[in-house]
Amino acid sequence: MIRRVTLADLTPAERRTLVTRSAVPRADVRRAAADIVEAVRTRGDAAVEDYGRRFGGLREGGARVPADEIRKATEAASPEFVHAVRGAAANVRKVHEAQRPDDAVVTVAPGVTIARRWAPLRRVGCYVPGGSAPLPSTLIMTAVPAQVAGVGSIAIATPAGPDGGVDPALLATAGILGVEELLAMGGAQAIAALAYGTESIERVDKIVGPGNAFVTAAKLAVAGDCSIDMPAGPSEALVIADTGADPRHVAADLLAQAEHGPDSPVALVSDDPSVLDAVLDAVRELTDRLDRRDIVEKALSDHGLAVLAADIDEAIAFADEYAPEHLSIHLADAAGAADRITGAGSVFVGAWAPEPVGDYASGANHVLPTGGLACSMSPLGTEDFGSWRQVQTLTREGLAGLRSVVTTLADAEGLGAHRLAVDIRFEP
């Protein structure tokens, strides 16, 4: 079911191949998404409706969900659901409020100060996967940080289901969070509508949130015209385990990510072959208990790895090379291992930190870099909903002190107007 490899048996090239994957969709998907994006950019609502009829995801009666529909779903939600959404949102809010950026001012020299100031974005679009598998948790993970940042206008785009309606859980979550603009549209056409605007939809300054291959490809296609958070590919996980780990706990963590989709990579790394055997036995046992068994088995057979390392140091080094979206550490010194990790989106330390708690309840964001991008990109956070600017203030004394530096470098580059802009201020 899961491919087994021993790191000591691999050549450097084979090891690179083992960790190499991408969050960027195939070239044919990127081309198809780019065609959809261009059609929406030039034809607006008509193109959104055409693709909605062709691929689904568009709400009957237009994309914009009436406020009354959101209100009714919110009133009909069970007390347990309302409590869960409010609890999750409160934790996400607490974590993201701690991420508020602080401005900084540096005095470079007498009369020369440089300030770095942060301000929230004017308008943001949050994409929330929906349709057959709506994700109210992603609505929380995208909308709440935007609210914390102080974004003035938040638009949520999520595909309608096969019946042409939006899932009641998503509607209720929007109502509980106070989100007023809910657009029932999905796919590449939804990304394009947010990025460029249409006759009925105001364009946004940035698009955040995960999606399928076409959504990711569309985000990349609009990135030169509209800011995006990251390309987010299939959900993935890597688990490091030693002899003290409970095989069933480790197996459950692997299955929790494999059930996201048949293209979700999961990897188990240990220095003990008996641990690999025990966990794989537990995987087979627990898979039989899952409703999404077919999806899990496809993910494990196509993208599952069981990796034998020489020791825990090599296991940690391999995890860093792999740079997984989710990294679960089931080791005797789990905290010490976590301190050594530099390439991972979200790290789960010890037996009592199952990965789903980060998807729903801990307050950490679950919109994370995938495809190996966790080595250089960060989880979605408060700073993603704002931008920085440099503010330079100089006095006459300050400019005089920098004059020779500017003019010498301007002369070296042959840019006379650059020199003139400084010199003219000192002419009588």
Side-chain angles (χ1 to χ4, degrees), residues 22-25 30 33 37 92-93 95-97 99-101 118-130 135-159 177 179 181 183 185-188 190-197 203-236 260 323-326 343-346 358-359 363-388:
S22 177
V24 177
R30 297 200 302 273
V37 166
V92 171
R93 191 175 302 277
V95 169
H96 289 74
E97 282 176 346
Q99 299 173 5
R100 287 180 182 274
W118 186 88
L121 299 178
R122 182 189 63 88
R123 178 167 163 81
V124 166
C126 302
Y127 189 87
V128 176
L135 299 177
S137 59
T138 300
L139 202 163
I140 296 169
M141 296 291 174
T142 53
V144 172
Q147 292 171 336
V148 168
V151 173
S153 176
I154 302 169
I156 304 295
T158 189
L177 298 181
V179 173
E181 186 175 358
L183 304 169
M185 57 182 185
I191 299 300
L194 292 172
Y196 297 108
R203 65 170 295 170
V204 302
D205 300 318
K206 187 170 187 175
I207 299 170
V208 305
N212 64 19
F214 277 87
V215 169
T216 301
K219 286 172 68 177
L220 292 170
V222 305
D225 300 317
C226 178
S227 180
I228 65 170
D229 53 351
M230 66 188 87
S235 187
E236 59 187 32
H260 274 288
E325 177 190 22
H326 304 91
S346 199
D359 288 340
N365 207 293
H366 79 199
V367 180
L368 304 165
T370 64
L373 292 176
C375 67
S376 59
M377 300 187 75
S378 306
L380 189 70
T382 305
E383 283 197 18
D384 288 298
F385 295 94
S387 62
W388 292 93

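Residues: numbered from 1 along the sequence shown. Heavy-atom basis, side chains included; hydrogens, waters and symmetry copies ignored.
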Return the [atom1] to [atom2] distance between [X] and [Y], rounded to the nearest 0.5 Å.
X	Y	atom1	atom2	result
Ser387	Arg122	OG	CZ	12.0 Å
Arg123	Glu181	CZ	CD	4.0 Å
Leu139	Thr158	CG	OG1	7.5 Å
Ile156	Thr142	CD1	OG1	4.5 Å
Leu194	Cys226	CG	SG	7.5 Å

For [X] and [Y], which heavy atoms make the closest approach, and how far apart are they?
X	Y	answer
Glu236	His326	O-ND1, 2.7 Å
Pro231	Ala23	O-CB, 3.6 Å
Pro379	Met230	C-CE, 4.3 Å
Val124	Leu121	CG2-CD1, 3.8 Å
Val367	Pro210	CG2-CD, 4.1 Å
Gly358	Met141	O-CE, 3.7 Å

Side-chain donor or acceptor of [X] paired with backbone N/O of [Y] under 3.5 Å:
X	Y	value
Tyr127	Gly187	yes
Asp225	Val222	no
Arg30	Pro25	yes
Glu325	Gly345	no

Should [X] and [Y] count as side-chain neighbours, where that means a heavy-atom distance under 4.5 Å?
X	Y	value
Asp384	Pro145	no
Gln99	Val148	no
Gln147	Phe385	no
Leu177	Val144	yes

Q) Just one of Val92, Asp359, Leu380, Leu135 clears the side-chain contact (heavy atoms from CB on, under 4.5 Å) bar with His366, so which one? A) Asp359
Q: Sort out for me which residue in Val204, Ile191, Val37 forms a side-chain contact (heavy atoms from CB on, under 4.5 Å) with Tyr196.
A: Val37
Q: Dump the intermediate steps for side-chain contact (heavy atoms from CB on, under 4.5 Å) on Trp388 and Glu383, then the final yes or no.
A: CA-CA 9 Å; Trp388 292 93; Glu383 283 197 18; 3.6 Å; yes
Q) Could you give all pairs that pass the side chain to side chain donor-acceptor pair (under 3.5 Å) test and reach residues 203-224, with sequence neighbours left out? A) Lys219-Asp229
